[in-house]
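Report on the following structure.
Numbers restart at 1 for each chain; the letters A, B, ... are given by sequence-line order, proteins then strands.
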Amino acid sequence: MKHAPPVIPRSFFQRPAEQVARELLGSLLCYHHPTGTHHRVRIVETEAYVGEHDLACHASKGRTERTSIMFGPAGYAYVYLIYGMYDLLNVVTGQSGQGQAVLLRAAEPVSSFPPSAALNGPGKLTRTLGITRAANGLDLCAPPLFFVPAPPPRRIEQTPRIGVD
DNA sequence: CGCTGGATTCGA
DNA sequence: CGAATCCAGCGC
């Protein structure tokens with residue numbers, strides 16, 4: 001017998017960042033931490049960074065060592081350190097060479113989390129899950145870090161860009 | 001090789 | 001509103 005693997009396939013990410021950002025809402029993010037613990041959270045906020053013509057996108061400054069992952073194939077993690085204290089987690093989207101990515105801005109607990117667990121912010125999300133730049137370049141279509149399909153929220157809000165001019 | 005600023009968060 | 005704190009990117 002066959003069970004459809006409960007993992008969002010790479011083809012899902014090989015589409016425009018804006019669309020992926022929207023449809024990723026409600027999905028579950030699973031992370032098997034090296035220490036053995038594993039987390040499951042529900043994605044509730046994302047933001048699209050649409051390649052070289054998007055001035056807010058790191059890829060717009062040209063392809064460099066750091067941003068090269070964003071120009072690679074979709075479905076991989078682009079994690080980088082911001083302001084020296086927070087790691088932000090992105091998913092590469094679109095086709096190779098476009099430099100698109102979707103930033104995971106916030107989530108909410110699915111399984112039992114300590115009360116102190118804060119997931120409401122791109123920096124706090126990665127801090128709580130224990131994701132660091134060591135996860136940069138990871139394949140997000142297979143363990144230890146992957147997404148599971150789940151019903152989307154009833155209502156989707158769209159707000160202006162956050163944290164950039 | 002030194003300087004600068006950033007997709008954030010917290011506290012006053 | 002400003003500080004905390006790291007390092008990629010760029011200029012000399």
[X] side chain N/O closer than 4.0 Å to the phosphate oxygens (OP1, OP2) of [N]?
X	N	value
A/His58	B/dA7	yes
A/Arg127	B/dT8	no
A/Lys124	B/dC10	yes

Write down the distance between [atom1] ([X]) and [atom2] ([N]), rounded to a whole number of angstrom.
X	N	atom1	atom2	answer
A/Tyr86	B/dG6	OH	C1'	14 Å
A/Glu47	B/dA7	CD	P	10 Å
A/Asn120	B/dA7	CG	P	20 Å
A/Leu81	C/dT5	CG	C1'	8 Å
A/Tyr83	B/dT4	OH	C1'	13 Å
A/Met85	B/dC10	CE	C1'	9 Å
A/Asn90	B/dA7	CG	P	11 Å
A/Asp87	C/dT5	CG	P	15 Å

Going through the distances and angles, do A/Glu52 and A/Arg63 end up as a salt bridge (charged side-chain N to carboxylate O under 4.0 Å, His left out)?
CA-CA 9 Å; A/Glu52 301 177 89; A/Arg63 180 173 186 158; over 6 Å; no
Where the side chain of A/Pro122 is defined as all heavy atoms beyond and including C-beta, which of C/dC7, B/dT9, B/dA7 is the nearest nucleotide?
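Given the options C/dC7, B/dT9, B/dA7, the side chain of A/Pro122 is closest to B/dT9.
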Return the pairing partner of C/dC7 with a 3.5 Å limit on both distances, Watson-Crick or G-U wobble; otherwise return none.
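Matched C/dC7 with B/dG5 under the 3.5 Å cut-off.
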Check for a donor-acceptor pair, side chain of A/Arg42 on one end and backbone N or O of A/Ser27 on the other, with a separation under 3.5 Å.
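Such a contact is absent between A/Arg42 side chain and A/Ser27 backbone.
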When we call it a touch if two heavy atoms are under 4.0 Å apart, what does A/Arg105 touch: a base, just sugar-phosphate, or nothing?
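It contacts sugar-phosphate atoms only.
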Pick base, sugar-phosphate or nothing for A/Gly84, based on heavy-atom distances below 4.0 Å to the nucleic acid.
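Base contact.
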For atom CD of A/Glu18, decide whether the heavy atoms of other residues, nucleotides or ligands shown that lie under 6.0 angstrom number more than 12.
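Check fails, neighbour count at 12 or below.
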Interatomic spacing from CD1 in A/Ile156 to CZ in A/Arg22 - rounded to 0.5 Å:
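Answer rounded to 0.5 Å: 5.0 Å.
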Indicate yes or no: at least one non-hydrogen side-chain atom of A/Leu140 is less than 4.5 angstrom from one of A/Tyr76.
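In short, these two side chains do not touch, never coming nearer than 4.5 Å.
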